[in-house]
*Asks:* 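One structure, as structure tokens, below. Some questions next.
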Amino acid sequence: MLDGMSLEQLIKRGEIVEGMTFNQKVWALCAQVPAGSVTTYGDIAQALGCNGARAVGNALNRNPYAPEVPCHRVVGSDGRLTGFAGGLPAKEALLRAEGVEVRNGRASLASRHHFAPVRVRLSA
DNA sequence: TATTTGACAAATC
DNA sequence: TGATTTGCCAAAT
């Protein structure tokens, strides 16, 4: 299973495979967002075919693969940072370091990332 | 098995 | 603008 690659490795590479839990898919999608870009909780939820933005937030809150899985690039639908396990100031600093504009606790959505439709790899 | 818990979001006022 | 309300959903209790 998993092509001999560890689940952790797949997630960090942003690859989604059948059998992954919702949270694992969230982490994998998050890993697809490049530095300098941002995405929203809602966008990730949609990419997974649901409107559970809150569930996405929960998953990221417990992200066990930080900082390889850059959950700081996920912001609210209006650009507000909304939350970060390491504290909002840290999230803001990370985003700025990557070139994302942050004003008044709000990130610019200009570099919003566009997810490709989730294609679950056929087993074996 | 049922309830509670959030790093959400859109609509309404 | 901001505050409130309601719908959403997987996980953890």
Side-chain angles (χ1 to χ4, degrees):
Chain A
M1 123 188 195
L2 305 183
D3 297 342
M5 191 183 288
S6 76
L7 188 54
E8 173 177 349
Q9 209 52 223
L10 287 169
I11 290 173
K12 290 181 180 178
R13 288 182 50 122
E15 293 185 39
I16 293 179
V17 300
E18 199 169 333
M20 273 183 171
T21 64
F22 176 83
N23 281 5
Q24 294 167 332
K25 292 177 191 172
V26 168
W27 298 325
L29 278 178
C30 182
Q32 294 179 7
V33 182
S37 293
V38 297
T39 186
T40 71
Y41 300 93
D43 283 348
I44 291 179
Q46 279 187 51
L48 291 178
C50 74
N51 300 349
R54 305 184 74 175
V56 172
N58 279 316
L60 295 177
N61 182 38
R62 302 177 173 74
N63 169 24
Y65 307 121
E68 288 92 343
V69 172
C71 51
H72 62 277
R73 294 177 193 148
V74 186
V75 302
S77 64
D78 59 357
R80 276 160 41 184
L81 305 195
T82 70
F84 191 59
L88 293 184
K91 184 169 183 176
E92 180 172 338
L94 286 167
L95 288 172
R96 282 198 165 127
E98 298 177 348
V100 176
E101 248 184 85
V102 183
R103 275 145 36 189
N104 302 326
R106 182 184 281 205
S108 163
L109 295 177
S111 61
R112 197 175 186 154
H113 180 257
H114 177 5
F115 288 104
V118 172
R119 283 186 236 307
V120 175
R121 178 197 302 187
L122 300 176
S123 54

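As a basis for the values below, the full set of heavy atoms in this structure was taken, side chains included, without hydrogen atoms, waters or symmetry mates. Below, chains carry the letters A, B, ... as their sequence lines are ordered, and counting in each starts from 1.
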*Asks:* If I take atom CG from residue A/Leu60 and atom CG from residue A/Asn23, how far apart are they, to the nearest 0.5 angstrom?
*Replies:*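 Rounded to the nearest 0.5 Å, the CG-CG separation comes to 8.5 Å.
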
*Asks:* Examine C/dA10: is either OP1 or OP2 under 4.0 Å from a nitrogen or oxygen in the side chain of A/Thr21? Give yes or no.
*Replies:*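 For A/Thr21, the contact criterion (side-chain N or O under 4.0 Å from OP1 or OP2 of C/dA10) is not met.
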
*Asks:* Return the CZ to CD distance between A/Arg73 and A/Gln32, rounded to the nearest 0.5 Å.
*Replies:*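 Output value for this atom pair is 12.0 Å.
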
*Asks:* Runs of at least three consecutive Watson-Crick or G-U pairs, both distances under 3.5 Å, are what I'm after; which ones involve DNA chain C?
*Replies:*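 Stem segments, range with range: B:2-6 with C:9-13, B:8-13 with C:2-7.
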
*Asks:* To the nearest 0.5 angstrom, please state how far the OH atom of A/Tyr65 sits from the CD atom of A/Gln24.
*Replies:*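 Reported value, rounded in 0.5 Å steps: 6.5 Å.
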
*Asks:* How would nucleotides 1-13 of chain B be written as a contact map, 5' to 3', with B for base contact, S for sugar-phosphate-only contact and - for no contact, using protein heavy atoms under 4.0 Å?
*Replies:* -----BBBSS---

*Asks:* Distance check needed: C/dA10 C1' versus A/Lys25 NZ, whole Å only.
*Replies:*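 Nearest whole value for this atom pair: 11 Å.
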
*Asks:* Does A/His72 form a side chain to side chain donor-acceptor pair (under 3.5 Å) with A/Glu98? I'd like the steps, not just the answer.
*Replies:* CA-CA 11 Å; A/His72 62 277; A/Glu98 298 177 348; 2.9 Å; yes

*Asks:* About how many Å separate CG of A/Asp78 and CG of A/Leu109, when rounded to the nearest 0.5 Å?
*Replies:*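 Rounded to the nearest 0.5 Å, the CG-CG separation comes out at 7.5 Å.
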
*Asks:* How many whole angstroms separate atom CE of A/Met20 from atom P of C/dA10?
*Replies:*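 These atoms are roughly 17 Å apart.
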
*Asks:* Would one find more than 12 heavy atoms of other residues, nucleotides or ligands at under 6.0 Å from atom CZ of A/Arg96?
*Replies:*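 Count over threshold, so yes.
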
*Asks:* If I compare all heavy atoms of A/Val75 with all of A/Ala107, which pair ends up nearest, and what's the gap?
*Replies:*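 What the structure gives for the nearest pair is CG1-CB, 4.2 Å.
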
*Asks:* Flag the pair A/Met20 / A/Leu10 as yes when at least one side-chain heavy-atom distance between them is below 4.5 Å, and no otherwise.
*Replies:*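 When only atoms from C-beta onward are counted, A/Leu10 and A/Met20 do touch, with a gap below 4.5 Å.
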
*Asks:* Please state how far atom CZ in A/Arg106 lies from atom C1' in C/dT1, giving the value in whole angstrom units.
*Replies:*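 After rounding, the reported distance stands at 10 Å.
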
